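Because the structure is a prediction, the values reported are computed rather than measured.
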Amino acid sequence: MIHTGSCHCGSVQVTLDSDNHAEAIIPRACQCTFCRKNGINWYSDPDGQLRIEYAAAQEPIFYRFGMKIADFVICSRCGVCLAAIEKDGGQARAVVNLNCIDSHQNWSKKSCPVDFDNDNETGRVQRHQKNWMPVQIIKKQEQN
């Protein structure tokens, strides 16, 4: 199933390719201050694929905090956080903010609170490698 969406202003688009149907998707509500303040509902399918596209003139902000393991992809125009990406050993993996998917209201499950405050760096990287999905980031060149 292909699910598409974008940030609020449309400058950054996301495409989620997952075999999971909406009723099988359980959004995760991370309890860190960044995710709570942004109301993010994360999802990842390790067997799926995420694509993030943006125009060269509208490059998103890549924000790191805490352990500085993942880059949070934030639209530079409207400020919406679309995804988190970790690049480890050449393989980029990601989670997507389901609120950015156009059909986000179709998820049948409520968000499940998750707390990763007790993770150490090694455990967090291993969890990302196991649970996050491959991601492709496409910077579209301006057309004249």
Side-chain angles (χ1 to χ4, degrees), residues 1-22 24-107 109 111-117 119-144:
M1 298 186 70
I2 304 293
H3 304 279
T4 59
S6 67
C7 59
H8 185 257
C9 71
S11 292
V12 184
Q13 296 85 40
V14 291
T15 304
L16 169 63
D17 185 354
S18 173
D19 288 338
N20 292 327
H21 295 281
I25 292 175
I26 301 173
R28 294 185 309 271
C30 177
Q31 298 301 295
C32 81
T33 56
F34 179 82
C35 293
R36 281 195 338 260
K37 288 183 179 197
N38 284 283
I40 296 171
N41 287 299
W42 295 116
Y43 175 72
S44 180
D45 174 3
D47 296 319
Q49 175 78 30
L50 181 65
R51 188 171 67 238
I52 301 169
E53 295 182 67
Y54 61 91
Q58 296 299 327
E59 186 161 349
I61 297 166
F62 294 92
Y63 174 62
R64 282 189 177 194
F65 66 95
M67 292 183 190
K68 298 186 179 357
I69 294 171
D71 288 311
F72 290 79
V73 181
I74 301 168
C75 176
S76 60
R77 288 185 67 204
C78 67
V80 170
C81 179
L82 295 105
I85 299 170
E86 179 181 303
K87 296 176 186 172
D88 185 54
Q91 173 68 43
R93 302 190 71 76
V95 290
V96 64
N97 179 0
L98 285 177
N99 298 338
C100 297
I101 301 295
D102 293 335
S103 59
H104 72 274
Q105 68 278 5
N106 295 337
W107 315 131
K109 306 270 196 254
S111 296
C112 174
V114 292
D115 189 342
F116 303 115
D117 283 345
D119 279 0
N120 62 32
E121 187 172 329
T122 301
R124 188 166 291 183
V125 168
Q126 289 173 344
R127 182 172 44 78
H128 293 174
Q129 289 172 344
K130 178 183 174 190
N131 298 320
W132 287 18
M133 66 191 128
V135 62
Q136 182 182 26
I137 304 165
I138 301 168
K139 182 184 202 178
K140 298 183 280 186
Q141 296 303 314
E142 303 299 320
Q143 297 177 358
N144 294 337

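- The minimum heavy-atom distance between S11 and C9, with the atom names listed, is OG-SG, 3.1 Å.
- The shortest non-hydrogen separation linking G39 to N99 is O-ND2, 2.7 Å.
- Interatomic distance, N131 CG to D45 CG, rounded to the nearest 0.5 Å: 10.5 Å.
- Checking side-chain atoms of R124 against main-chain N and O of F116 turns up a donor-acceptor pair under 3.5 Å.
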Taking it one step at a time, do V95 and R28 satisfy side chain to side chain contact (heavy atoms under 4.5 Å, CB included)? CA-CA 10 Å; V95 290; R28 294 185 309 271; 3.7 Å; yes

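- A donor-acceptor contact shorter than 3.5 Å is absent between the side chain of N38 and the backbone of I40.
- Here the SG-NZ distance, from C32 to K37, works out to 10.5 Å after rounding to the nearest 0.5 Å.
- Between the side chains of S111 and N41, at least one donor N or O sits under 3.5 Å from an acceptor N or O.
- Contact between A94 and W132 at its shortest, heavy atoms only, is O-CB, 3.4 Å.
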List the steps, then state whether side chain to side chain contact (heavy atoms under 4.5 Å, CB included) holds for S18 with Y43. CA-CA 11 Å; S18 173; Y43 175 72; 3.5 Å; yes

Working note: Q136 + T15, criterion side chain to side chain contact (heavy atoms under 4.5 Å, CB included); need CA distance, chi angles, decisive distance, verdict. CA-CA 10 Å; Q136 182 182 26; T15 304; over 6 Å; no

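- The heavy-atom pair separating I69 from R64 by the smallest distance is O-NH2, 4.1 Å.
- At least one side-chain heavy atom of S76 sits less than 4.5 Å from a side-chain heavy atom of I61.
- Closest approach of D102 and S6 over heavy atoms only: OD1-N, 4.4 Å.
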Test K140 against Y54 for side chain to side chain contact (heavy atoms under 4.5 Å, CB included), laying out the working first. CA-CA 6 Å; K140 298 183 280 186; Y54 61 91; 5.9 Å; no

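- Side-chain N or O atoms of R36 include one that pairs as donor or acceptor with a backbone N or O of Q31 at under 3.5 Å.
- In this structure, Q49 CD and R51 CZ are separated by 8.5 Å, a value rounded to the nearest 0.5 Å.
- The shortest distance between side-chain heavy atoms of P134 and Q91 falls below 4.5 Å.
- N120 approaches M67 most closely through the heavy-atom pair C-CE, 3.8 Å.
- By the 6.0 Å contact criterion, CG on D19 is open, its count of non-hydrogen atoms from other residues, nucleotides or ligands being 12 or less.
- Two residues are said to be in side-chain contact when any heavy atoms from C-beta on lie closer than 4.5 Å; P60 and L82 fail this criterion.
- When atom types are taken as modelled, the side chain of R93 and the backbone of E86 share no donor-acceptor pair closer than 3.5 angstrom.
- From I25, atom CD1 reaches atom CG of L16 across 6.5 Å, with rounding to the nearest 0.5 Å.
- Within the model, atoms CG of D71 and NZ of K87 stand 6.5 Å from one another, a figure rounded to the nearest 0.5 Å.
- Note that SG of C30 and CG of N97 are 11.5 Å apart. Values are rounded to the nearest 0.5 Å.
- Residues that satisfy the ring pair (Phe, Tyr, Trp, His ring centres under 6.0 Å) test with F62, not counting sequence neighbours, are absent from this structure.
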